[in-house]
Amino acid sequence: MAGDTATLHEWRVTGMDCGSCAAKVRGAVEILPGVEDVDVALMAERLRVTLDDSRTSTERVESAVRAVGFGIAPRGAAPEKPEGAFVLPEGAFPDAPSPDADPVADEASATDPAWHATAKGRLVIGTGLLLAIAWTIQLTVGGTAAHLAFTLATLIGVAPVALRAARMARVRMPFTIEMLMSVAACGALVIGAVQEAALVVFLFAVGETLEGLAAGKARDGIRALARLVPTTARLVEGAHITEVAAARLRIGQVVQVRPGDRVPADGTVLDGTSGVDESPVTGESVPRLKEPGADVFAGSINTEAELRIRVTRAAEDNTIARIVRLVQEAESARAPTERFIDRFSRSYMPAVVGLALLVAVVPPLAVGAAWDTWVYRGLALLLIGCPCALVISVPASIASALSTGARHGLLMKGGAVIEEAARTTCVAFDKTGTLTEGRPRVTDIDAGDGDTGALLRLAASVEMGASHPLGRAIVARARTDGVAPAPAEDSRAIPGLGATADVHGMRITVGAPRLAAEAGLLDDATANRIAALEAEGKTVVTVFGTRLHGIIALRDSPRQDAAEAIGRLRGMGVGSVMLTGDNPATAASIAGELGLDHRAGLLPEDKVATIRELTASHRVMMVGDGINDAPALALAQVGVAMGSGTDVALETADAAILRNRVADVPAQLRLARTTMANIRQNVAIALGLKGVFLVTTIFGVTGLWIAILADTGATVLVTLNALRLLRFDPGGAPATGGGRARAGAPAPSATEAA
């Protein structure tokens, strides 16, 4: 265990192209004393370690990573070149930001060197030239000279690979692709298969380079997010406007954003009216009108007129920065499938080595078969058995899905959430602000004494500062009617029911009719009037103290895309239910309009109990605002916070929808299901190719160079297949499968679940 001096350290590690690379870094660091919680993120190129500095220094960690062939430097600094053969040239890494730069700025400035500037690229070029020279000698001179040329080509090409294998063995990781490659190449030389040995070394280098290119392509999706924020901003200081670095903007400063410019920071519009394209942040293609007082996000594009914006968030905490950090952190939340494959591969590699050894020695010893034939087949099995393709099959798909989701305003916190979302069979929706616009308006004011202004003044006084949409609607109506609220004291919320405060020395409550009924203040005529209003789909609140002062009715309209989204869920075999604290009549009216089941009159604890009932027989996704519904979100298999931009509660739920669209719920499920299908395809490709070539190699149909193609080819195939997710449109036709329900089957209802 780490002592009291344990601290968290983070580095950027370069040169990782596949899951086995990340495993090598993890293995090199885990054996150091005083090291805990080693987290290696392949796509984010991140190493995070809890380190007891009194037992192991950061320099020793960096040396351990360099020793196994990777570049490393603290976040915000340019990664140093690894020692040994796999050394990147000067200038291979871009100029880094200052050491105090935040990780998002570091991500935005990061680029991959050109393939020919990398050590693996140079190995391709070098082994290719050596192979070409050897073949030239074979065609022109032949004989011993050609044999020697192929031998030298093999030895020179395999030397850096063998060096890495030796370094991995020193950190207790003997079973690596480098070890298998070195043994196979040297073994081929021993049995005289010099031409194949040289070709295998070259093909191995080609495969490694292709893996690096594919991994870089996947990382570009995350980097593109970080680069949405402009590097400069036009700072307004009195009558002067100066251009400054966007990263240096401070809260409260004012910036000018001209038409066509990107917004440099999260902020609030002070002056100007213009349409703003928020698609880089939310994926919503239609520009939104922004007027004074409206919030804007960093990275969005001003389309029409000049805006003056007051900065409300520092650069390291703006919307883009939070999304990038979420995507980076999500990679650490590994899917159960990925964890299983990691455990499987640890036993798989030694098993393959054992099988190759048996193939090489048992036939010659048991039946007197030719040693060179069976040793050759055993060497081929070593190359086929590398689990690189299998190990990368899951993280490559997950990383691509996270990047695609973030681009479309759909955020999921890692592979575990994606896997759970793909199994969803029932979606529970909060009503206000989720299925409805969340902007109710007052439709009826019935005062007992006929003075509607006085009734509105009392209600607005209690609701001043309210966060609930109904309370804000009452205050807004009072402002519109020119009614000034009176000072209120001792204001308190009644969870799920209303609010209460002292106004003019009287205790006034604004809340659900049941509160007035419990106080014995609701007569039959008023009860009938409330029932009639609720039958029209309106929400009614009562205003009372020692007597009933009157009632106020409000109406909140369903979102335009809500009915279509519920229909798409039904088409995917996913049931849906609306959970609301509103009255049964209003809930039934809205639920009937949208075509889903409902539960009404629920207090926060009732929502938790309902989710518990649903999860007993369904895989439940709960969609709410991420704050008021936090307990229900936490209890569901997947909790989704729905909101826009800076208002979304990214930290409280398993997933988030950045734009206020119910249609993004089936889109999120579709992305999750497609990702899991992609993972299954990758696993099938990896295991299928290896299985086929395992059999053909044992029977002598395929040889060494086909074996290396089977290994590196499978790795490249699964990576390219995973990259297809980068072009996936989650909002397309509904995806079926992935959950227990089937498309076309009756959608499970909340009643059935209960």
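Counting from 1, the numbers follow the sequence of the chain as shown. Only a predicted model underlies this, so the values are computations on that prediction, with no experimental measurement involved.
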Query raised in the report: Got Val194 and Leu189 here, is their nearest side-chain heavy-atom distance under 4.5 Å?
Result: yes
Query raised in the report: Could you go step by step and tell me if Leu51 and Leu32 meet the side-chain contact (heavy atoms from CB on, under 4.5 Å) rule?
Result: CA-CA 10 Å; Leu51 181 65; Leu32 299 175; over 6 Å; no
Query raised in the report: In Å, rounded to the nearest 0.5 Å, how long is the span from NE2 of His9 to OG1 of Thr58?
Result: 6.0 Å
**Report entry** By side chain to side chain contact (heavy atoms under 4.5 Å, CB included) - contacts of Leu717 (at least two apart)
**Finding:** Ile685, Leu689
**Report entry** Within 45° cone and under 6.0 Å: Arg164 NZ/CZ vs Phe70 ring
**Finding:** yes
Query - Working for side-chain contact (heavy atoms from CB on, under 4.5 Å), residues Val61 and Leu47 - result: CA-CA 10 Å; Val61 173; Leu47 167 64; 4.2 Å; yes
Query raised in the report: Side chains of Glu62 and Pro74: does their closest heavy-atom pair fall under 4.5 Å?
Result: yes
Query raised in the report: Got a second to check how far Ile418's CD1 is from Ile679's CD1, nearest 0.5 Å?
Result: 7.0 Å
Query raised in the report: Quick one: side-chain hydrogen bond (donor to acceptor under 3.5 Å, both in side chains) partners of Ser397, sequence neighbours excluded?
Result: Asn678, Asn682
Query - Over all atoms of both residues, closest heavy-atom pair of Pro160 and Ile156 - result: CD-O, 3.4 Å
**Report entry** side chain to side chain contact (heavy atoms under 4.5 Å, CB included) against Val361, all qualifying residues, sequence neighbours excluded
**Finding:** Leu357, Leu365, Trp371
Query - With Arg60 via side-chain hydrogen bond (donor to acceptor under 3.5 Å, both in side chains) - residues at least two apart - result: none
Report task. Look up atom CG in Leu726 and atom CZ in Arg407, then write down how far apart they are to the nearest 0.5 Å. Result -> 6.0 Å
Requested in this report: Start with the C-alpha distance between Ile398 and Thr675, add both sets of side-chain angles, then the distance that settles side-chain contact (heavy atoms from CB on, under 4.5 Å), and finish with yes or no.
Outcome: CA-CA 7 Å; Ile398 295 297; Thr675 302; 4.2 Å; yes
Requested in this report: Quick one: pull up NZ in Lys413 and CG in Leu402 and give me the separation to the nearest 0.5 Å.
Outcome: 12.5 Å
Quick one: side chains of residues 692-700, donor-acceptor pairs under 3.5 Å with protein atoms, not counting sequence neighbours, listed by atom name and distance.
unit_1: Thr696; atom_1: OG1; unit_2: Val692; atom_2: O; d: 3.2
unit_1: Thr696; atom_1: OG1; unit_2: Phe693; atom_2: O; d: 3.2
unit_1: Thr696; atom_1: OG1; unit_2: Thr702; atom_2: OG1; d: 2.9
unit_1: Thr697; atom_1: OG1; unit_2: Phe693; atom_2: O; d: 2.6
unit_1: Thr697; atom_1: OG1; unit_2: Thr702; atom_2: OG1; d: 3.0

Report task. Could you walk me through whether Met179 and Met168 pass side-chain contact (heavy atoms from CB on, under 4.5 Å), step by step? Result -> CA-CA 9 Å; Met179 180 273 288; Met168 295 308 302; over 6 Å; no
Report task. For Ile31 and Ala28, work out which heavy atoms get closest and say how close. Result -> CG1-O, 3.6 Å
Query raised in the report: For Ala149 and Ile137, which heavy atoms make the closest approach, and how far apart are they?
Result: CB-CD1, 3.7 Å
Report summary line: Residues passing the ring-ring contact (aromatic ring centres under 6.0 Å, His included) test with Trp135, sequence neighbours excluded, are Phe150
Query - Closest contact, heavy atoms only, Lys24 versus Val68 - result: O-CG2, 4.4 Å
Report summary line: Sorted by chain and number, sequence neighbours left out, side-chain hydrogen bond (donor to acceptor under 3.5 Å, both in side chains) with Thr127 holds for none
Query raised in the report: Which heavy atom of Ala197 sits nearest a heavy atom of Ala188, and at what distance?
Result: CB-CB, 3.7 Å
Query raised in the report: Distance from Glu419 atom CD to Met676 atom CE, nearest 0.5 Å?
Result: 4.0 Å
Query - Counterpart residues, side chain to side chain contact (heavy atoms under 4.5 Å, CB included), relative to Thr373 (two or more places apart) - result: Ala370, Arg377
Query raised in the report: If we only count heavy atoms from C-beta on, is the Val40 to Val13 side-chain gap below 4.5 Å?
Result: no
Query raised in the report: Of all residues at least two apart in sequence or in a different chain, which pass the side chain to side chain contact (heavy atoms under 4.5 Å, CB included) check with Ala185?
Result: Thr154, Val158, Met181, Val201
Query raised in the report: Which pair of non-hydrogen atoms, one from Thr404 and one from Leu725, has the smallest distance, and what is that distance?
Result: OG1-O, 2.5 Å
**Report entry** side-chain hydrogen bond (donor to acceptor under 3.5 Å, both in side chains) against Glu420, all qualifying residues, sequence neighbours excluded
**Finding:** Arg619
Requested in this report: Just grab all the side-chain hydrogen bond (donor to acceptor under 3.5 Å, both in side chains) pairs involving residues 187-202, residues at least two apart or on different chains.
Outcome: Glu196-Tyr376
**Report entry** CD1-CG distance between Ile125 and Leu130, expressed to the nearest 0.5 angstrom
**Finding:** 12.0 Å
